[in-house]
Peer 1: 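Sharing a structure here in structure tokens format.
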Number of protein chains: 2
Amino acid sequence: MTEVKLLGGQGRGDYAQARLAEFVANCRRKKMAVTPQRRAVLRALLESGDHPRADRVYARVRREHPHISLATVHRTLERLCEVGEARKVTPLHETARYDGNTRPHHHVVCVRCKRVEDLEAPEFDTLLAGRQTLGEFHLLGCSVEVRALCHRCRKRTAGRSPSAA
Amino acid sequence: MTEVKLLGGQGRGDYAQARLAEFVANCRRKKMAVTPQRRAVLRALLESGDHPRADRVYARVRREHPHISLATVHRTLERLCEVGEARKVTPLHETARYDGNTRPHHHVVCVRCKRVEDLEAPEFDTLLAGRQTLGEFHLLGCSVEVRALCHRCRKRTAGRSPSAA
DNA sequence: TAGCAGATGATAATTATTATCAATGACGGA
DNA sequence: TCCGTCATTGATAATAATTATCATCTGCTA
Ligand SMILES: [Mn+2]
Ligand SMILES: [Mn+2]
Ligand SMILES: [Zn+2]
Ligand SMILES: [Zn+2]
């Protein structure tokens, strides 16, 4: 029953160190230039445990790199996601998407064209069934977002990096 | 194993009819005015099976109500979500949120303050474990988003409508 | 160390969403 | 059925996130 649990910020420091240490090698592998800005953005992201927005990362990076451009922060964050060094919590954030179907269900999203299809997966729903709370959170519901490539996009995307785990 | 399946647009027509039929009564119950615009927006949303954006709904509604304002469409869609007549597929769409933690994990999101915390739930991951595809979709990964109210927000939200299932 | 492809910074442009506010009309009570 | 009230609408402006542009700079390879 207690299969689901919140993760505190434990071991964040070590994790950040390890990730920064391997960053240079990873960049070389991906043939991506290692710039002070990229390093700083990744460090700032790793130091914030709270899934920050670009402006928060910008604020933090500026403490060490007062001359960095906000555009660079945006570009770098997207780049880090493309190469698998970071993750976008909000793959569909560009515009609000609405759904007239109020029955509980889940979604599969094409990460490229952003097409969204309904998905039925009853098992997902039962996992939180008993619980009312999770730590300090009062539960309302849960939805699963399956990241995928639709047929059309898969053909066009041929050889590509992760961009979504 | 085949517990997860895509839902086609079957029975959409009947579902739409039923929803529209009960809409007036639901509005009365919620003490919300029934306007032609609201009815039209809900109809347009129900007719689009594809999780549309506000501008798509606007385009469709204009076919019958050429004078409707785009602002009204935005307002109405949000309103419908508040009272449980529709659902926002993208509760975190306002701004991109990034995550330096690349280990597979899930999230709990406070629907009010948008705080995001990491969540560990191994069972969620195993459900799609075997599959490579789902219908025409090539699977990449899946993430669970648990909607919740954090302690602080729960106190401040006292008596409130659904806004999230 | 030279040269180039890619990265950056400054800035403008784009675009979704929200705010404002006067005019309108839905609806409960007379 | 008519009226007054107040929520809703439409038109428009304001806001804010993101992306585009482009001249300059710099990490990287040979
Ligand atoms: Mn749906
Ligand atoms: Mn996370
Ligand atoms: Zn696609
Ligand atoms: Zn909260």
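To find a chain, count down the sequence lines: A is the first, B the second, and so on, and within it residues start at 1.
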Peer 1: Could you state the atom-to-atom distance from CZ of Arg79(B) to P of dT17(C) in whole Å?
Peer 2: 19 Å

Peer 1: Does any part of the side chain of Arg43(A), heavy atoms only, come nearer than 4.5 Å to the side chain of Phe23(A), both counted from C-beta?
Peer 2: no

Peer 1: Starting at the 5' end of DNA chain C and moving along, which residue's nearest nucleotide shows up first, Arg28(B) or Glu94(B)?
Peer 2: Glu94(B)

Peer 1: Could you please name the option among dT8(C), dT18(D), dA10(C) that lies closest to any side-chain atom of Ser69(A)?
Peer 2: dA10(C)

Peer 1: Rounded to the Å, how far apart are Leu77(B) CG and dT9(D) P?
Peer 2: 12 Å

Peer 1: Under 4.0 Å between any heavy atoms, over every strand shown, what does His93(A) touch: base, sugar-phosphate, or nothing? Just pick one.
Peer 2: sugar-phosphate

Peer 1: Just so I know, are the side chains of Asp99(B) and His105(B) near enough to count as touching, which here means a heavy-atom distance under 4.5 Å?
Peer 2: yes

Peer 1: Tell me the interatomic distance from Arg39(B), atom CZ, to dG25(C), atom C1', rounded to whole angstroms.
Peer 2: 14 Å

Peer 1: Looking at the base of dG9(C), is there any donor atom on it, or on the side chain of Arg75(A), that sits under 3.5 Å from an acceptor on the other one?
Peer 2: yes

Peer 1: Does the side chain of Thr35(A) reach to within under 4.5 Å of the side chain of Arg39(A), using non-hydrogen atoms?
Peer 2: no

Peer 1: State, yes or no, whether a side-chain contact exists between His151(B) and His138(A) at a heavy-atom distance under 4.5 Å.
Peer 2: no

Peer 1: Which residue lies toward the 5' end of DNA chain C, Leu70(B) or Ala33(B), if each is placed at its nearest nucleotide?
Peer 2: Leu70(B)

Peer 1: For Thr35(A) and dT8(C), is the shortest distance between a side-chain N/O and OP1 or OP2 below 4.0 Å?
Peer 2: yes

Peer 1: Round to the nearest Å and state the distance from His74(A) atom NE2 to dA16(D) atom P.
Peer 2: 14 Å

Peer 1: Closer than 4.0 Å, any side-chain N/O of Gln37(B) to the OP1 or OP2 of dA26(C)?
Peer 2: no

Peer 1: Measure from the side-chain heavy atoms of Arg38(A) and tell me the nearest of dA7(C), dT18(D), dT8(D).
Peer 2: dA7(C)

Peer 1: Considering heavy-atom distances to DNA chain D, does Thr95(B) or Ala71(B) have its closest nucleotide positioned more toward the 5' end?
Peer 2: Ala71(B)

